Amino acid sequence: MTNIKDENLLLPNLDSLEDVTELERENALLSAEFLQGWVNQDIEQIISVMAPDGVIYDLVFPEPVKGHEAIRQFAQELLSVVSNISYQIEEWVVMGDRVAHHGIFSGTFTGDFMGMPTTGKSFSVPYSEFVTIKNGKIVYLWDQTDGLQLVQQVGGM
């Protein structure tokens with residue numbers, strides 16, 4: 001795993017997670033590795049933690065994103081319109097093969113997206129993510145970001 005201690009990925013101390021197994025700790029780190037891929041704007045890092053048939057549900061998009069090639073296209077699209085990505089994870093919940101975390105997602109809106117023109121404005125909004133891991137890979141990820149607040153902050157409304 002790459003170094004996940006980055007100024008743009010602020011993690012609470014994983015040692016503060018009480019009563020977790022080593023596998024649960026590894027699952028939390030895998031979830032953080034996924035976020036680190038977005039921070040690094042590294043599509044291959046994002047793909048590397050996903051199962052070949054992994055699924056991402058994101059409320060911004062009407063359909064789930066399934067499989068490595070669709071996830072690659074999804075990541076290319078998002079990374080082409082958002083730069084300076086950072087996450088501040090405020091809380092973790094880890095139970096077996098499931099990881100949940102929430103915090104603040106920040107970035108800069110640098111490209112046209114879904115009919116909204118580029119504004120170059122920054123945003124900082126709450127997010128929640130729910131992840132299921134099997135055999136050391138993410139098989140299911142549900143992401144909720146406060147899209148209304150994001151659009152308001154970047155000047156889309």
Side-chain angles (χ1 to χ4, degrees), residues 1-111 113-114 123-147 149-150:
M1 232 175 256
T2 64
N3 180 9
I4 58 171
K5 300 224 181 236
D6 183 286
E7 63 201 35
N8 293 322
L9 180 61
L10 302 175
L11 302 173
N13 184 350
L14 286 175
D15 293 331
S16 69
L17 292 173
E18 297 178 15
D19 300 324
V20 296
T21 67
E22 187 56 36
L23 179 60
E24 289 170 327
R25 189 173 309 283
E26 288 174 17
N27 288 342
L29 288 170
L30 187 72
S31 184
E33 181 76 10
F34 178 80
L35 296 180
Q36 187 69 59
W38 292 100
V39 168
N40 294 344
Q41 297 194 8
D42 184 340
I43 293 170
E44 293 312 309
Q45 183 177 4
I46 294 165
I47 297 295
S48 74
V49 298
M50 296 294 302
D53 58 349
V55 179
I56 297 175
Y57 290 89
D58 189 303
L59 293 181
V60 173
F61 295 90
E63 297 294 322
V65 181
K66 299 178 182 178
H68 281 182
E69 192 50 42
I71 293 168
R72 184 175 279 107
Q73 290 172 2
F74 170 78
Q76 286 171 337
E77 183 175 353
L78 285 181
L79 291 173
S80 73
V81 299
V82 178
S83 63
N84 303 319
I85 293 172
S86 68
Y87 288 92
Q88 179 175 345
I89 299 174
E90 295 179 349
E91 184 175 20
W92 293 92
V93 177
V94 183
M95 184 182 289
D97 64 356
R98 299 183 190 246
V99 178
H101 51 88
H102 72 89
I104 303 297
F105 166 54
S106 302
T108 304
F109 185 58
T110 55
F113 184 67
M114 298 178 84
F123 62 88
S124 184
V125 297
Y127 85 93
S128 298
E129 200 163 88
F130 303 89
V131 179
T132 302
I133 297 167
K134 300 261 191 245
N135 300 317
K137 298 289 184 183
I138 297 171
V139 294
Y140 173 88
L141 185 142
W142 178 274
D143 180 75
Q144 283 186 283
T145 301
D146 189 333
Q149 198 176 113
L150 190 153

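Along the sequence shown, the residues carry numbers beginning at 1. All values derive from a computational prediction rather than experimental measurement.
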[X] [atom1] to [Y] [atom2] distance, which is reported to the nearest 0.5 Å:
| X | Y | atom1 | atom2 | answer |
| --- | --- | --- | --- | --- |
| D58 | Q144 | CG | CD | 9.5 Å |
| I89 | E129 | CD1 | CD | 8.0 Å |
| E22 | N27 | CD | CG | 10.0 Å |
| E69 | I47 | CD | CD1 | 7.5 Å |
| D97 | I138 | CG | CD1 | 12.0 Å |
| S124 | Q88 | OG | CD | 8.0 Å |

Treating H68 as the side-chain partner and M50 as the backbone partner, does any N or O pair qualify as donor plus acceptor under 3.5 Å? yes

Check whether S48 reaches the backbone of Q45 with its side chain - one donor and one acceptor, N or O, closer than 3.5 Å. yes

Could you tell me which non-hydrogen atom of [X] sits nearest to which non-hydrogen atom of [Y], and how far apart they are?
| X | Y | answer |
| --- | --- | --- |
| P64 | V55 | CB-CG1, 3.8 Å |
| I43 | R72 | CG2-CG, 3.7 Å |
| V131 | S31 | CG2-OG, 3.7 Å |
| T110 | S83 | CG2-OG, 3.2 Å |
| G54 | I71 | O-CD1, 3.8 Å |
| A75 | I46 | CB-CD1, 4.2 Å |

Taking the side chain as everything from C-beta on, heavy atoms only, tell me whether V99 gets closer than 4.5 Å to F34. no

Result of checking L79, I85, L78 against V82 for side chain to side chain contact (heavy atoms under 4.5 Å, CB included): I85

Relative to each other, are the rings of Y127 and H101 parallel, tilted or perpendicular (30° and 60° limits)? perpendicular

Atom NZ of K66 with >12 non-hydrogen neighbours under 6.0 angstrom: no

Over 12 foreign heavy atoms within 6.0 Å of CD, Q76: yes

Between Y140 and Y57, is the ring centre distance below 6.0 Å? yes

